[in-house]
Amino acid sequence: MEEFWKRVRGNAASGEGIGAEDALAVLSLPQPDLWRLLDITEGVRRRFKGDGVRLCSIVNAKSGLCSEDCSFCSQSRRSKADIRKYPLIGEEEMVRAAREAKARGAREFSIVSSGLAMRNRGELERVGNAIERIRSEVGIETCVSLGTLSAEDVSYLLSRGLRSLHHNLETSRSFFPSMCTTHDYEEDVRAVREAKAAGAWVCCGGIFGIGETDLDRVELAMTLRELSVDSIPVNFLNPVPGTPVEGRRELTPFDCLKIIAMMRLVHPRREIIVCGGREVNLRDLQSLMFAAGATGTMAGNYLTTAGRPAEDDIRMIRDLGLAVLPV
Ligand code: SF4
């Protein structure tokens with residue numbers, strides 16, 4: 001066991017990251033090993049990322065009405081969840097949401113739409129117009145999550161001032177068909193590769209607690225490494241009533257911390273942003289996500305569920321002696 005700890009510390013500290021076998025062992029650690037694990041991950045985070053915390057914020061710009069059947073998603077065609085459904089909001093509303101995000105301390109603002117991909121040129125232009133105005137009028141980093149965009153569409157949005165493109169793989173290649181049957185994993189991988197090739201900062205991660213195993217969690221981490229993604233959002237299932245995963249509660253706060261820690265140790269140099277499901281899964285251990293290796297989190301509401309007040313997050317970050325990174 002001492003060999004394991006030495007190897008994990010050494011590989012992570014070198015910036016190389018740990019291998020799949022050690023990543024799996026991290027996920028199997030018993031509770032008494034929590035503090036030893038956090039001592040390592042905290043050191044790795046500080047060494048490569050410092051003490052700055054990135055806050056990001058989103059607007060659900062097009063809600064529900066999705067053709068896909070992702071099991072965890074309240075906006076999917078299988079979902080009977082009681083959520084608001086609406087077509088793409090207007091440019092003005094996007095800009096207003098960006099202003100509100102900046103006021104709550106966010107460094108980055110993302111325009112998110114439901115659906116496999118935004119293909120309609122008029123809609124893309126509306127998003128492009130909003131990005132240009134958000135850059136010039138609001139002054140906050142811009143991101144979009146519009147599904148499996150083509151390289152050409154990503155290039156168009158970059159030409160309007162976009163910085164980051166978010167597109168999650170959600171889970172491992174092996175588990176994906178148990179979670180979604182309406183499109184293939186490789187479509188998502190292609191979208192991520194094309195966004196990287198087009199020059200976007202790519203934010204790509206997944207959701208945990210949807211029935212996947214530890215092996216699937218490690219497989220996803222390794223796929224993200226192959227793809228050289230820049231930033232990794234980590235979501236935990238908040239099972240919305242009316243979705244196929246309603247009532248599913250698999251993760252303990254300790255499991256969540258081990259998942260964040262495993263991602264930090266596999267990806268010592270990347271951003272790791274803890275997003276949806278943080279409050280309900282980590283509960284009172286939320287602040288330990290930074291010791292586990294997170295470098296950012298989401299402020300404000302999620303797509304269809306409420307987050308806690310941003311002031312509480314900013315106070316938590318300051319109480320830890322960390323700093324919210326300015327725009
Ligand atoms: S995760 Fe995205 S693609 Fe899947 S059902 Fe939800 S909105 Fe549609």
Side-chain angles (χ1 to χ4, degrees), residues 56 58-89 94 97 110-120 123-124 127 143-150 153-154 157 164-195 202-212 216-217 220 223-224 229 232-246 248 273-278 281 298 301-307:
C56 52
I58 58 172
V59 64
N60 190 354
K62 184 201 266 187
S63 176
L65 314 164
C66 185
S67 58
E68 305 306 292
D69 69 351
C70 307
S71 63
F72 63 87
C73 181
S74 57
Q75 306 187 74
S76 85
R77 66 199 253 180
R78 277 203 270 173
S79 165
K80 307 225 170 350
D82 182 19
I83 59 162
R84 283 178 62 217
K85 297 178 184 156
Y86 48 85
L88 188 66
I89 61 174
M94 294 179 204
S110 188
I111 298 170
V112 185
S113 75
S114 61
L116 183 59
M118 184 174 279
R119 298 260 181 259
N120 179 301
E123 288 188 339
L124 266 181
V127 173
C143 175
V144 295
S145 184
L146 307 175
T148 53
L149 294 181
S150 66
D153 289 341
V154 175
L157 292 170
S164 324
L165 185 128
H166 167 271
H167 186 68
N168 278 343
L169 293 183
E170 309 299 7
T171 189
S172 69
R173 188 176 264 111
S174 309
F175 186 69
F176 189 84
S178 312
M179 183 216 92
C180 175
T181 64
T182 43
H183 71 273
D184 196 79
Y185 198 72
E186 301 314 319
E187 284 184 58
D188 294 308
V189 171
R190 179 213 43 86
V192 171
R193 282 193 208 285
E194 291 195 5
V202 173
C203 183
C204 172
I207 181 164
F208 299 89
I210 57 174
E212 82 287 352
D216 292 308
R217 294 168 187 165
L220 172 63
T223 304
L224 297 174
V229 302
I232 302 172
V234 170
N235 297 274
F236 302 112
L237 178 69
N238 181 1
V240 176
T243 60
V245 294
E246 174 176 354
R248 191 185 275 270
I273 315 291
V274 177
C275 299
R278 160 167 61 100
N281 285 281
M298 195 175 275
N301 291 334
Y302 304 108
L303 285 173
T304 62
T305 55

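For ligands, and for the atoms within them, numbers begin at 1 and follow the listed sequence.
When each atom of ligand 1 is checked for a heavy atom of Cys70 under 4.0 Å away, the hits are 1 (S), 4 (Fe), 5 (S). Annotation for ligand 1: atoms under 4.0 Å from non-hydrogen atoms of Cys66 are 3 (S), 5 (S), 7 (S), 8 (Fe).
Using cut-offs of 30° and 60° for the angle between ring planes, the Phe176 and His183 rings count as perpendicular.
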Can you give the donor-acceptor pairs under 3.5 Å from side chains of residues 110-120 to other protein atoms, not counting sequence neighbours?
{"from": "Ser110", "atom 1": "OG", "to": "Cys143", "atom 2": "O", "distance (Å)": "3.4"}
{"from": "Ser114", "atom 1": "OG", "to": "Lys62", "atom 2": "O", "distance (Å)": "3.1"}
{"from": "Ser114", "atom 1": "OG", "to": "Gly64", "atom 2": "O", "distance (Å)": "2.7"}
{"from": "Arg119", "atom 1": "NH1", "to": "Thr148", "atom 2": "O", "distance (Å)": "3.2"}
{"from": "Arg119", "atom 1": "NH2", "to": "Thr148", "atom 2": "O", "distance (Å)": "3.3"}
{"from": "Asn120", "atom 1": "OD1", "to": "Gly122", "atom 2": "N", "distance (Å)": "2.8"}
{"from": "Asn120", "atom 1": "OD1", "to": "Glu123", "atom 2": "N", "distance (Å)": "2.9"}

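Test Glu186, Glu194, Glu187 against Arg190 for salt bridge (Lys or Arg N to Asp or Glu O under 4.0 Å) and you get one pass: Glu194.
Residues that satisfy the side-chain contact (heavy atoms from CB on, under 4.5 Å) test with Thr181, not counting sequence neighbours, are Asp69.
At a heavy-atom distance under 4.0 Å, atoms from both the backbone and the side chain of Ser76 approach ligand 1.
Across all non-hydrogen atoms, the minimal contact from Cys203 to Pro233 is SG-CG, 3.6 Å.
Counting only heavy atoms, the protein never gets under 4.0 Å from atom 2 (Fe) of ligand 1.
In terms of protein heavy-atom proximity, atom 6 (Fe) of ligand 1 is nearest to Cys73 SG, 2.4 Å.
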